[in-house]
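Written below as structure tokens is the structure these notes are about.
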Amino acid sequence: MDSTIVNKQQGIIDYVVECTLLSEAANQVSLGVNFKFKDWSAENFVLVPSIVYNGNRFDKKVMNYPPYWYDKNEWRLDMPTTTTLVPSLEKYENYGKIELTTGNAATPLMAFYAPEKQESWMVQCRQGNRLGDFGLFIEENKAKKQAEFSIMSPCVREKRATGTGFAASDDCAANLKKGNVVRLEFRVYKQKAHSLQDMYACFLQNRKTINPSVDDYAVMPFSEVWRVMDNLFQQDRWDETIGMYSLTKPGSNSGWNQIWQLGWVGGGQATLPILLQGDETGRKRAMRNLDVIFAKTQAPSGLYYAYGNGKEFKSFGFGEAFKNNETFVRSQGDFLYMAQKQFSLLQELQKNVPATWLGSLRKQADAFYRLWNKYRQVGQFVDVETGEICIGGSTAGAIVPAGLALASQTFGDKKYLHAAEGLAEKFYTDYVLKGYTTGGPGEILSTPDSESAFGLFESYVTLYEVTGKKKWLEYAKNLLPICASWVVSYDFRFPEHSIMHQIGAHSTGSVWASVANKHSAPAICTWSGESLLKYYRATGDKYAIELLKDISHGVPQYVSHKDRKVGNMEPGGACERVNLSDWEGKNGVGGNLFASCAWVEVATMLTVTQLPGIYIQKDKGIIEVFDHLNARILKRDSNRIELQISNPTRYDAEVKIYVETSGEARKKLYSLSNKTNIRNVRVKGNDSVTIIL
């Protein structure tokens, strides 16, 4: 074993372990490196990014998909964090064991924070070697106060995690011959840590240091992504009979949850990118779509029916509507926030926002205000008719503080801001400081997830914009590593037979939805990541802009095009599957692209319309490229920059360049409608232009 001290002060050491077979042959061999810890405490926070948070020591509810508390007798205002059957160190038992492959993790890494000892420990390894992906194993014995973390090659698990529990792994040990070498490379971090946030900060700083990722690949520019997706929406998503954009091709699916939902998967969010960048036909349709929502879906409580077929609307549901009028708080919050984003855009476009729309949305803001005043939370599921909480707990309402903060401006009433700040503070204390957020997706119970984390990040940035209080930036800073833990930090090596390998997919920047899902996806559900840019402008935090570049740059490669089909999807289609793990079987790694997904379509459209292709701070010479383009400074002085922009793709690019100074970044609100900061440039395919800014 060879070791190299990387940073003595920070306790970072690289290790290389090589085992060479000296005998003629050895069958059924699996080797491992074990890290044993005595005087272990079950209070230690154990992390494996995207799959294990606090050891997944949560309450469990074992049932088939889609899981939910269908029995009203199970409902609680103080519902504890509850997961489906997932890898866990067990909350109520003395012994727990987690068996994973590196493909289960957004970063191949295991870590823990020990509050009693005020220290953190982390090990990061390669994806694997010629024998396949490494195994990441964790065992905890509470009674003996012991724990063991192991890296295994090849990975041999008893069971693999699936969508609803576990199945036989079908893993095989290796048969070696004389001279065969098994090599394991890993890096260990051991540091003093005064809080869980110290461990997360170490993770954020080092998540991209071991495994490679490439960011200079080019598939198609944002403008071409928009063209094919807008074409898909206008041709195959608009339903003239109901005056709404459908979540699938009209007439192709009779299930209401595949026709229209208020939020979460994009129903009330799809209209924003169309208003931002669509043609006159698209914008008229978007206005009609919004009018249907405001005119037909509001319930007596002020909340909206979040589920429907365009003619009938009900509370919420999966295969069918829930029996007791439960509606999903995440879906409600998404619309409160996104509707006001669209109101602001319409005002910037000098278009009228109907008084009926404003009056309707204020009723929803009032419903959330009443929830906060009565319960000091907004719950996870609420009775859409009465506005009372059915199931409490979770961070399902993570975006609600942003919606209420904007409502204080939209309606000129500070009561909404007081509620927004109180709720945001509670989410910080009850979840962020504990290292995870929960309940963002509607069908995972209250499992830890990314969607609520990114929604809450949006809320903190919005609160900063509305109040100017720096504490919201500090809260966002502590939430950023949690968000990053859900984002793939490297380029996974996909099997050669897989679709992902065939299209040359780079997994860096794809985003896990939750501990329950076991796969990453092409974008944030259902956001553009715009708040990361806003936060970067206010703070200069390089990790935020790095994360945004990874996510946004990765999105176009998953969009199907007539020149580059992804699976069997139509042009503009994009599936949620970026399978790194074998949760759907070993043949499912890098594949199982079943169809285009509504939320991915909407998130992609938001990404390419809410973000500029290139962001520049002139005075500091900062250039951040999100689009599939290259940019470099040719000359620069105190007043101007001469910039060369190259387009390595085959498609002509219409590029939005956001230009400002560092001072403007700290003081001015970000808006792509602000013409003083925007330059639009056309760059032909396989060509370049030079511009002066």
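Quantities reported herein were computed from a predicted structural model and do not represent experimental measurements. What you see below is based on every heavy atom in this structure, not just the backbone, and it leaves out hydrogens, waters and symmetry mates. Numbering starts at 1 and runs along the sequence shown.
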- Between Lys208 and Asp550, is a salt bridge (Lys or Arg N to Asp or Glu O under 4.0 Å) present by the stated rule, with each step listed? CA-CA 11 Å; Lys208 289 175 67 73; Asp550 283 350; 2.9 Å; yes

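- One finds the CD atom of Glu451 at 14.5 Å from the CH2 atom of Trp512 (value rounded to the nearest 0.5 Å).
- Contact check on Arg577 versus Glu584 returns a salt bridge, with a Lys/Arg side-chain nitrogen under 4.0 Å from an Asp/Glu carboxylate oxygen.
- Ionic pairing of Arg187 and Asp14 is present here: one or more N-O contacts between side-chain nitrogen and carboxylate oxygen are shorter than 4.0 angstrom.
- Note: Trp472 and Tyr460 have parallel aromatic rings, judged against thresholds of 30 and 60 degrees for the angle between ring planes.
- The shortest distance between side-chain heavy atoms of Ile657 and Ile691 falls below 4.5 Å.
- Remark: side-chain polar atoms of Ser673 are not paired, donor with acceptor, to backbone N or O of Glu348 under 3.5 angstrom.
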- Tyr651 vs Asp563, side-chain hydrogen bond (donor to acceptor under 3.5 Å, both in side chains): CA-CA, chis, key distance, verdict: CA-CA 10 Å; Tyr651 310 103; Asp563 300 329; 3.1 Å; yes

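- Residues Val487 and Phe454 meet the side-chain proximity criterion, which asks for heavy atoms closer than 4.5 Å.
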- For Lys656 and Ile614, run side chain to side chain contact (heavy atoms under 4.5 Å, CB included): C-alpha distance rounded to whole Å, both residues' side-chain angles, the deciding distance at 0.1 Å, then the answer. CA-CA 7 Å; Lys656 292 192 294 283; Ile614 301 173; over 6 Å; no

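- A distance of 10.5 Å separates CG in Asn587 from OG in Ser498, rounded to the nearest 0.5 Å.
- A salt bridge links Arg237 with Glu601: the closest approach of a Lys/Arg side-chain nitrogen to an acidic carboxylate oxygen falls below 4.0 angstrom.
- Listed for the Ser489 side chain is no donor-acceptor partner under 3.5 Å among the backbone atoms of Thr107.
- A salt bridge between Arg227 and Glu224 is present, with a side-chain N of the basic residue lying under 4.0 Å from a carboxylate O of the acidic one.
- In this structure, Arg330 pairs ionically with Asp334, as a charged nitrogen and a carboxylate oxygen lie closer than 4.0 Å.
- Residue-environment remark: NZ (Lys249) stays at or below the threshold of 12 foreign heavy atoms within 6.0 Å.
- In this structure, Thr526 contributes its side chain and Trp264 its backbone to a donor-acceptor pair below 3.5 Å.
- Looking at Phe134 and Pro108, their side chains never come closer than 4.5 Å, going by heavy atoms from C-beta outward.
- The CG atom of Asp236 sits 10.5 Å away from the OG1 atom of Thr248 when rounded to the nearest 0.5 Å.
- Donor-acceptor pairing under 3.5 Å is lacking for the side chains of Ser331 and Gln261.
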- For Asp619 and Thr661, run side-chain hydrogen bond (donor to acceptor under 3.5 Å, both in side chains): C-alpha distance rounded to whole Å, both residues' side-chain angles, the deciding distance at 0.1 Å, then the answer. CA-CA 6 Å; Asp619 57 323; Thr661 66; 4.9 Å; no

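- Glu660 has a carboxylate O that lies under 4.0 Å from a charged side-chain N of Arg537, or vice versa, which qualifies the two as a salt bridge.
- Phe626 has its side chain within reach of Leu548: a pair of non-hydrogen atoms, C-beta onward, lies under 4.5 Å apart.
- Within a 6.0 Å sphere centred on NZ of Lys668, heavy atoms belonging to other residues, nucleotides or ligands number more than 12.
- Using bins of under 30°, 30° to 60° and over 60° for the plane-to-plane angle, the ring pair Tyr535/Phe457 lands in the perpendicular bin.
- With Tyr217 as reference, Gln557 is the one residue of His628, His506, His553, Gln557 to meet the side-chain hydrogen bond (donor to acceptor under 3.5 Å, both in side chains) rule.
- Leu580 has its side chain within reach of Ser507: a pair of non-hydrogen atoms, C-beta onward, lies under 4.5 Å apart.
- The shortest side-chain heavy-atom distance between Leu275 and Leu346 falls under the 4.5 Å cut-off.
- Summarising the geometry, atom OG belonging to Ser688 is positioned 10.0 Å from atom CG belonging to Asn630; distances are rounded to the nearest 0.5 Å.
- Side-chain atoms of Val683 and Ile645, non-hydrogen and from C-beta on, do get closer than 4.5 Å to each other.
- Among residues at least two apart or in separate chains, ring pair (Phe, Tyr, Trp, His ring centres under 6.0 Å) pairs with a member in residues 567-620 are His519-Trp583.
- Here Asp541 does not pair with Lys477 in a salt bridge; the nearest charged N to carboxylate O distance is not below 4.0 Å.
- The pair Glu465-Lys534 counts as a salt bridge, with a side-chain nitrogen and a carboxylate oxygen less than 4.0 angstrom apart.
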- CA sep, side-chain torsions, deciding dist, call: Arg636, Glu642, salt bridge (Lys or Arg N to Asp or Glu O under 4.0 Å): CA-CA 6 Å; Arg636 172 175 165 254; Glu642 186 175 336; over 6 Å; no

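- The number of heavy-atom neighbours closer than 6.0 Å to NZ of Lys667, taken from other residues, nucleotides and ligands shown, is 12 or below.
- Formation of a donor-acceptor pair under 3.5 Å by the Ser485 side chain with backbone atoms of Pro49 is not found in this model.
- With a 6.0 Å radius and a threshold of 12 heavy atoms from other residues, nucleotides or ligands, Asn231 has its CG atom above the threshold.
- The shortest side-chain heavy-atom distance between Asp491 and Val214 falls under the 4.5 Å cut-off.
- To the nearest 0.5 Å, atoms CD1 (Ile524) and OG1 (Thr607) are separated by 7.0 Å.
- Other residues, nucleotides and ligands contribute over 12 non-hydrogen atoms within 6.0 Å of the CZ atom of Arg564.
- Across all non-hydrogen atoms, the minimal contact from Ser452 to Thr437 is OG-OG1, 2.7 Å.
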